[in-house]
2 protein chains.
Amino acid sequence: MENMNIKKLAKELNLSVSTVSKALHDSYEIKAETKEKVLALAKQLNYQPNPFASSLRRNSSKTIAVVIPEIAHNFFSLVINGIESIAEELKYHVLIYITHEIPEKEEQIIRHLLNGRVDGILISSSGTSNNNTHYHELVQKGIPFVFFDRANFEIDAPKVITDDYQAGFQATDHLIKRQCKHFAFLSLSNQMTVINHRKDGFLAALKQYQIEPSHVHIIEAGTDETLSFQIIRDFLQPLPESLGIFSSVEKLAIQTYHICKEINILIPNQLKIISFSNLPTAALLNPALSTLTQPAFSIGKEAALLLFQSIRNKGKIQPITTLPQIVLKSTLFIRESTKM
Amino acid sequence: MENMNIKKLAKELNLSVSTVSKALHDSYEIKAETKEKVLALAKQLNYQPNPFASSLRRNSSKTIAVVIPEIAHNFFSLVINGIESIAEELKYHVLIYITHEIPEKEEQIIRHLLNGRVDGILISSSGTSNNNTHYHELVQKGIPFVFFDRANFEIDAPKVITDDYQAGFQATDHLIKRQCKHFAFLSLSNQMTVINHRKDGFLAALKQYQIEPSHVHIIEAGTDETLSFQIIRDFLQPLPESLGIFSSVEKLAIQTYHICKEINILIPNQLKIISFSNLPTAALLNPALSTLTQPAFSIGKEAALLLFQSIRNKGKIQPITTLPQIVLKSTLFIRESTKM
DNA sequence: TTTAATTACGAAATCGTTTTCGTACTCTTC
DNA sequence: GAAGAGTACGAAAACGATTTCGTAATTAAA
């Protein structure tokens with residue numbers, strides 16, 4: 001009596017296994033009276049179908065995977081919230097995989113997922129877009145996947161991104177209007193398209209205002225914490241005159257704050273800074289941080305919706321139109337860190 | 001040729017399915033030469049075993065579930081990081097379920113997991129300890145689970161917690177020594193044991209210093225955001241003299257900061273505050289927030305280790321000794337928000 | 001030389017569902 | 001009342017792995 005299964009249910013009911021299965025799935029072949037009996041006993045004996053048997057037979061797992069570079073990061077946590085809100089509604093399960101910003105790790109995870117464990121994948125890429133073969137394998141295997149935020153534009157898959165170029169332009173325009181003379185862009189990696197879009201917006205704004213190229217600084221801080229600390233610290237000593245920093249990610253802005261505190265640089269007097277960020281405490285920082293805030297929850301929601309659409313359409317002929325690419329808007333919050 | 005499976009592999013190799021399966025599992029029954037051939041072709045044809053067939057037969061899923069109240073919260077994100085670090089090593093998969101602090105939601109999730117989808121569960125309870133039947137059902141079904149942080153002490157399961165009583169005492173002691181006259185404890189719920197342990201520490205310290213009971217305030221702020229805002233705001237108007245606040249969770253401290261900013265209460269002059277928190281920006285707030293910081297990553301790691309130990313021991317006789325309960329220490333960081 | 005043990009493999013059952021057929025039986029309809 | 005349609009169910013074949021047995025062939029022991 002360890003575990004209830006459909007066979008025991010059938011025996012108990014004096015019905016065949018197939019009849020019970022059909023009854024549980026509300027098949028038209030079974031008459032109402034029988035269905036009721038089956039449902040009643042199933043509930044009474046606390047029957048729950050074995051998910052693996054079901055997945056094996058139906059070739060569908062009711063599970064999706066989320067592959068992200070890191071999780072202890074407000075942006076990604078909020079995205080997961082958005083994803084979960086949809087998955088929960090559709091009774092799907094959510095597997096989480098963390099790449100720790102290591103492209104090989106991402107490849108390994110994606111390759112593993114080729115085995116059919118999930119019906120679809122949501123990816124925020126850690127890749128340097130050098131090696132795309134794992135994405136191609138997904139396409140070839142017919143496993144639906146959707147990129148969010150960190151997309152790979154060489155791959156023909158649905159994407160949910162934000163208006164990074166425009167946001168970068170807007171942030172930089174703001175710094176220019178606040179009378180900065182030198183401008184620095186804090187970059188995570190020059191291999192990531194999101195970051196590069198933000199940088200392109202940054203550069204475009206500076207170009208439009210004809211800023212002296214020698215006053216433009218691109219700081220490749222990288223993903224390693226201690227290293228990026230050192231790189232930023234080195235850049236700030238000596239401190240360029242009227243420096244305006246546009247940080248492409250929250251983490252680097254926080255590091256900059258720490259460094260400024262350490263070596264006594266006053267924000268916003270000596271240095272203005274604005275950053276992409278979903279920090280719930282941005283307004284409470286000393287000084288309050290001006291931010292470009294991505295609609296993280298919506299990104300997760302939209303990405304999940306696209307994925308489930310993709311899963312539903314699986315097998316059916318794809319429309320010839322290009323795959324959907326949803327672009328959401330980030331919001332600019334002007335706070336004290338960029339005060340004149 | 002859609003998907004590779006063991007049958008096709010066997011045919012290609014002129015071997016039986018069973019031989020191939022054994023070879024892939026490095027069985028002693030198969031000679032080295034055959035194993036090599038099988039492994040070689042498996043790699044060449046990119047064979048990956050179907051996880052559902054395997055799980056169905058072996059009755060094990062190589063998957064664990066993490067059930068948490070919310071994810072957009074530094075503490076839980078860090079815990080997940082810790083959990084993932086162990087799961088990844090053991091090649092386990094991690095399913096995430098979010099209860100949004102709704103006990104019924106938690107029950108529903110746990111009940112669903114009785115179907116064998118996972119080999120074990122890590123739980124940070126959202127329950128009010130009124131209804132424990134779902135935990136009992138886990139025990140009865142023999143599904144291993146471990147509580148972390150928010151444990152239910154009526155249930156005989158392994159737990160990883162922190163020294164909440166002591167930390168609460170320490171935080172309060174600190175406030176007393178900083179010459180506070182009135183003392184407030186911001187609580188999420190009087191049904192949660194973690195919170196109550198912190199409160200007990202708080203009350204014990206006040207008792208030891210013989211603080212006038214009328215100067216002690218327990219604020220039940222609750223989990224609803226707008227409501228808790230209102231409750232805290234109401235409490236702060238009018239502002240008790242020399243108020244020292246001990247916030248049991250980060251979120252309420254942040255709300256308090258926002259309110260103080262809004263109604264112009266100066267921290268730490270008019271109000272001192274210390275909070276349990278894993279905010280990476282605690283030191284950068286205005287003013288820097290004194291915190292009790294839980295070793296979130298370690299909590300996740302230890303809980304995962306206990307769970308896997310439990311999974312390995314499944315079926316074997318349990319030792320008569322009480323189940324393991326690991327207590328980790330929180331760290332006190334004194335910052336400006338409690339300055340004299 | 002006979003017996004026992006070991007080696008290396010294969011047939012088939014099994015895990016618990018789902019789904020395709022097949023088939024009694026009843027009910028129309030002309 | 002014969003043919004066709006519809007109803008309600010059951011037998012059995014999947015799904016793809018794992019595992020239990022059984023057994024030839026070889027080797028070792030007596």
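The sequence lines fix the lettering, A, B, ..., with proteins before strands; numbering per chain opens at 1. Quick caveat, the model's predicted, so the values are computed rather than measured.
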(message) For B:Asn46, I'd like to know if atom CG has over 12 heavy atoms of other residues, nucleotides or ligands within 6.0 Å.
(response) yes
(request) Return yes if the base of C:dG10 and the side-chain atoms of B:Lys22 contain a donor-acceptor N/O pair under 3.5 Å, otherwise no. (result) yes
(message) With nearest nucleotide decided by heavy atoms, which residue, B:Ala53 or B:Glu29, maps closer to the 5′ end of DNA chain C?
(response) B:Glu29
(message) Using whole Å, what does the distance between atom P of nucleotide C:dG16 and atom CG of B:Asn50 come to?
(response) 16 Å
(message) Side-chain N or O of B:Ser21 versus OP1/OP2 of D:dT18: is the shortest distance under 4.0 Å?
(response) yes
(message) Please report the distance, rounded to the nearest Å, between CG in B:Asn115 and P in C:dC15.
(response) 18 Å
(request) May I have the distance from A:Lys35 (atom NZ) to D:dC9 (atom C1'), rounded to whole angstrom? (result) 13 Å
(request) Take atom CG of B:Asp26 and atom C1' of C:dA8, then tell me their distance rounded to the nearest Å. (result) 15 Å
(message) Around atom NZ of B:Lys37, are there more than 12 heavy atoms from other residues, nucleotides or ligands closer than 6.0 Å?
(response) no
(message) If the cut-off is 4.0 Å, is B:Tyr28 near the phosphate of C:dC9, judged by side-chain N/O to OP1 or OP2?
(response) no
(message) Nearest whole Å is fine: how far is C:dA8 P from B:Leu15 CG?
(response) 13 Å
(message) Measuring from atom OH of A:Tyr97 to atom CD1 of A:Ile109, what distance do you get when rounded to the nearest 0.5 angstrom?
(response) 8.0 Å
(message) Expressed as a whole number of angstroms, how long is the span from B:Ile6:CD1 to D:dG16:P?
(response) 11 Å
(request) Indicate the atoms forming the closest heavy-atom contact of B:Phe52 with A:Leu56, along with that distance. (result) CB-N, 4.0 Å
(request) Could you please name the option among D:dT19, C:dG16, D:dA11 that lies closest to any side-chain atom of A:Leu56? (result) C:dG16
(message) Counting only side-chain nitrogens and oxygens, does B:Ser55 get under 4.0 Å of the OP1 or OP2 atom of D:dA17?
(response) no
(message) Rounding to an integer number of Å, can you tell me how far A:Asn59 CG sits from D:dA14 P?
(response) 16 Å
(message) Applying a 4.0 Å non-hydrogen cut-off, can you work out what A:Ser54 is touching in the nucleic acid: base, sugar-phosphate, or nothing?
(response) sugar-phosphate
(request) Nearest whole angstrom, please: distance from the C1' of D:dT19 to the CZ of B:Arg58. (result) 10 Å
(request) Record whether the side chain of B:Ser18 comes under 3.5 Å of the base of C:dA11 through a donor-acceptor pair of N or O atoms. (result) yes
(request) Could you tell me whether B:His93 and A:His112 have their ring centroids closer than 6.0 angstrom? (result) yes
(message) Whether B:Thr19 contacts C:dC9 is assessed here as follows: a side-chain N or O lying under 4.0 Å from the phosphate OP1 or OP2. Is that the case?
(response) no
(message) By nearest atom, which of the nucleotides C:dT17, C:dC15, D:dC9 is closest to the A:Arg57 side chain?
(response) C:dT17
